[in-house]
Amino acid sequence: MNVQNKIDPSVEVGKEINPELLLSAMQKQKIKARDSKYKEADLSCLRAIAQAAINVELFTIPLYMTSLYSIQGTHQIADSSNLYPGRYWPGLGPSAGYIPEDRRNEYDVNLEPLFNIDCLAGESGKVNKQAEKYALSVNQQVFNGVYSVFIEEMLHLQLASNMASKLGLTPSFTSQALINEQYGWECYNNQSGIPHILDFADCTTDLSKLSPEVQTYFKKIFPGKTLQDLRVNATELNKEQTLLFMLIEETEENAKKIIQSKYLEPNKKTKRPKYFEQAPYDWWQPNNKESDLPLFGSIGHMYLSYWNYIQIQYDDGTSLLDYATIQRDYFNERSGDKGYQAQFPGINGSLNVKADHTALKEALMNNVNAITDQGEGGGVAEMLSKCWVEEQWAQNLLAALAASSEEEHPSKVKEKFQPSAEALKADYPASGDEGPISGSACARITNKYKDHFQIFSDTLQLIVDFEKPNASSSERYMTWPTWFAEGNTWSSALLDPNGGDKAHKTNAQLPQVESAVQALNNLKLAANIGDTHKLFSQSAVGTIKGLTTALDRYWSGQTNEFPGPAMGGSGDRVSICWATTGIAPDLVTGIEPQNPQTLYHACQGMSYTNIGSDDLPPPEVYHSCKGSNDCKAQGGCGFVHSTTAGGSCGGSVAKGPKSAPADNKCNNLGGCAVPISASQLFPELADGEYKMQLFKFDLKNKNSFSAIDYTYPKSDDPCKGKQAPEKQDEHVLMPYEKGDGVYNIAWQAYCNANGLLDADGNPKEQPTPSDIRLALPPST
């Protein structure tokens, strides 16, 4: 998110800088010759502001994600193993295609020529049907735009986290400024503000203080209302929500204008203003937390306060910059992937700077510049550099700004902060019939010139233009609540648009499309919708909890693996709630805590504590990705991993004996996703070794387990089973194959581990898949 809107690219450097934000000579002196008695408190406050910056970025991610996945549509399962040919799933995803000319503006990258690859194959003058099918619908265009914002907010979260880490703070992604003890997102509970920044209740009722563009929309969308009436909820992407997002990304120059003047003056009791207090704070105590910070009023002032602390030098010759710790860079580096290309080569995401403070400040400022430039425009880094123009790092940055050449295309984001199109094409290759590039790459390339404010402004215009049927266009913007309100239900044509159920015919272990359709409609029935919504809401909260706690582990150094696929998995869980109920998932209520003395299970009928039951696991253990589960016996997405540490999520690169689904001995040593989708199939393995080591758990001691032999079922037909046990490390391994149903293999493992085999070694009969499992899409 961000702060300074570049309204006109011709504006000279410095013209948009608010002079009230510049520091006086007295303030600089206070910073550059500070009494060393404040050292402990200053370090505490610096880290509190660093955590607040993390909270501000994290705040936007589930909020934007919930609205993003409210957009109605389906997406094709695209996987390199081609296990689901022709099968579509509930929920829109990033789409490969081009924006038609009548909906394209100067900031959209025109990809139409890229999708016109077959134009020479047809006869002269004929319509190019192959290219025409790649024209994005309004829903796809809106999704791609907001998706690109969603991804960049993750980048901003990484950059803010590395800044904090460089300053000695272990970042927290479960701060109580946002989340309660049950992992419910209280910040979306009809709240009136943006954490650490602004309370809308403190705003003026004079709408003329808003920027002209926002003012015009506000009067149309909220007639008779003011900023004080705004509330923050995680809900559908409609006009009202999109306008809120524009206000979240509003400009620095308007920040003070919209706050009532009485909150800018010192309070009679505290002697401090509620907003825009100048840092450093002499009143700060070492044991204070980010919740004790004053409200900043704008992102720009937050970073100004942040930078004031970074600049502190004490009268004993020391500085606050003498601290460093763990750095991470998911967007530019992937451990073990030599072919991975840096998506943002112009950003030193890791801050691994080992030079003097000048070089470190340049690196830190580059992060600030990247965050603010992508958000809704540049200006903050320039402002901070002008505050400290006498210092070398500031002179270097200002010189770079002055030397920057005019860009070839109209752009609201500097070229160095745009994602690399070539890297995106290489890192996210197209699969199936996506086209010449993947949807993920396409969404980000198309929108790379836009800051977040511009994207939301374009989104709002599209919603206004296309939310109602229009005689001049067959296009329509629609969310799931509208789709259901108009009487729509799930049909085979939505999940199998080509007909014939090719996916099931290709692999009989995949449920028939009619089964998934019936399950989706069953979950929406009046008698079921309440339970469906509650369960999928808890599933979404649990999945996001898995993600945030995995991030806690990642930045504390407990693991080196970024839970990137969990981001996509959390989107799937949010999406399925919208697509089955038409209601926003409740992210506020939270979930029950797990009992540390209980061995939870992964899926339907696989309980270790209630053997023989047909129960699904409780919602508090639902999760979507390796590394985001809390305990053993909870794997199941199909991306298997070795029984020893290593491997990566989102692919099958494990070597040697694999960890069985629902029978993994601990987290990070088993593919995840609870419960297991009835459609989850095993992809192809790089090492070609389709064998699993099974384990037996000791319920008297939850942390105790032992390797066991797999029992081969007896068979008169040598093609249906092996009679000669194959031993490795003195244990018989369980075979499986590419395309096997993950639940089927998990069931074999479960029955072997719990003595549920008949005299011929066959597992007991599986339970009929629940509607929940039939509705959940597979992880790919």
Side-chain angles (χ1 to χ4, degrees), residues 51 54-70 153 157 171-196 231-236 241 289-291 523 529-553 563 566-567 569-578 580-581 583-598 600-602 615-625 627-631 634 667 672-675 772 776:
Q51 182 61 55
I54 292 169
N55 294 344
V56 168
E57 301 301 339
L58 183 58
F59 162 78
T60 65
I61 293 177
L63 183 66
Y64 291 173
M65 177 174 65
T66 301
S67 294
L68 172 67
Y69 287 102
S70 73
E153 291 296 352
L157 182 63
S172 171
F173 303 91
T174 50
S175 169
Q176 291 194 0
L178 306 177
I179 307 169
N180 63 25
E181 293 181 354
Q182 287 74 45
Y183 297 92
W185 289 74
E186 289 289 349
C187 56
Y188 309 143
N189 190 15
N190 207 38
Q191 298 300 298
S192 62
I194 305 166
H196 304 297
R231 293 295 180 269
V232 178
N233 294 290
T235 187
E236 68 175 308
Q241 190 76 340
K289 306 295 182 184
E290 74 263 27
S291 57
L523 292 169
I529 191 171
D531 290 339
T532 301
H533 181 256
K534 181 178 180 181
L535 182 63
F536 280 144
S537 293
Q538 291 176 316
S539 173
V541 171
T543 295
I544 298 172
K545 170 207 168 188
L547 173 61
T548 54
T549 53
L551 287 172
D552 281 343
R553 292 192 294 270
M567 297 283 191
S570 58
D572 285 344
R573 296 298 171 96
V574 169
S575 181
I576 197 65
C577 186
W578 279 115
T580 52
T581 68
I583 305 171
D586 174 9
L587 301 185
V588 176
T589 300
I591 55 175
E592 293 294 323
Q594 293 187 29
N595 184 340
Q597 303 305 315
T598 298
Y600 292 98
H601 61 292
D615 297 339
L616 283 166
E620 57 263 32
V621 300
Y622 280 27
H623 62 272
S624 62
C625 178
S628 64
N629 59 327
D630 294 322
C631 205
Q634 293 180 34
N667 73 332
C672 291
V674 171
I772 296 292
L776 285 174

Original post:
Taking it one step at a time, do L58 and W185 satisfy side-chain contact (heavy atoms from CB on, under 4.5 Å)?
Top reply: CA-CA 11 Å; L58 183 58; W185 289 74; 3.9 Å; yes
**OP:** Identify which one of D531, T580, I576, L523 satisfies the side chain to side chain contact (heavy atoms under 4.5 Å, CB included) criterion when paired with I772.
**Re:** L523
**OP:** Could you point out which residue of N55, T60, V56, I54 forms a side chain to side chain contact (heavy atoms under 4.5 Å, CB included) with L157?
**Re:** I54
Could you report the tightest heavy-atom contact between [X] and [Y], atom names first, then the distance?
X    : Y    : result
F173 : T548 : O-CB, 3.3 Å
P617 : V621 : CB-CG2, 3.7 Å
V232 : G193 : CG2-O, 3.6 Å

State the [atom1]-[atom2] distance between [X] and [Y], to the nearest 0.5 angstrom.
X    : Y    : atom1 : atom2 : value
C577 : D572 : SG    : CG    : 13.0 Å
L178 : Q191 : CG    : CD    : 11.0 Å
E592 : Q182 : CD    : CD    : 7.5 Å
L587 : I179 : CG    : CD1   : 10.5 Å
N189 : T589 : CG    : OG1   : 8.0 Å
M65  : E153 : CE    : CD    : 12.5 Å

Could you tell me if the side chain of [Y] sits less than 4.5 Å from the side chain of [X], heavy atoms only?
X    : Y    : value
E186 : Q176 : no
V674 : H601 : no
N595 : Y600 : yes
E620 : Q538 : no
S67  : L63  : no

Using only atom types and a distance under 3.5 Å, with no angle test, would you say the side chain of [X] pairs donor to acceptor with the backbone of [Y]?
X    : Y    : value
S537 : D586 : yes
W578 : T66  : yes
Q241 : N233 : yes
Y64  : F59  : no
Y188 : T235 : no
T543 : S539 : yes

**OP:** Give the intermediate values and the outcome of side-chain contact (heavy atoms from CB on, under 4.5 Å) for residues L776 and F536.
**Re:** CA-CA 10 Å; L776 285 174; F536 280 144; 4.0 Å; yes
Original post:
In terms of side-chain heavy atoms, does S175 have a donor or acceptor partner in E290 at a distance below 3.5 Å?
Top reply: yes
Subject >> Worked verdict on D552 versus S172 for side-chain contact (heavy atoms from CB on, under 4.5 Å) >> reply: CA-CA 6 Å; D552 281 343; S172 171; 4.2 Å; yes
**OP:** Before giving the answer on side-chain contact (heavy atoms from CB on, under 4.5 Å), spell out for Y622 and V541 the whole-Å C-alpha distance, their side-chain angles and the decisive distance to 0.1 Å.
**Re:** CA-CA 9 Å; Y622 280 27; V541 171; over 6 Å; no
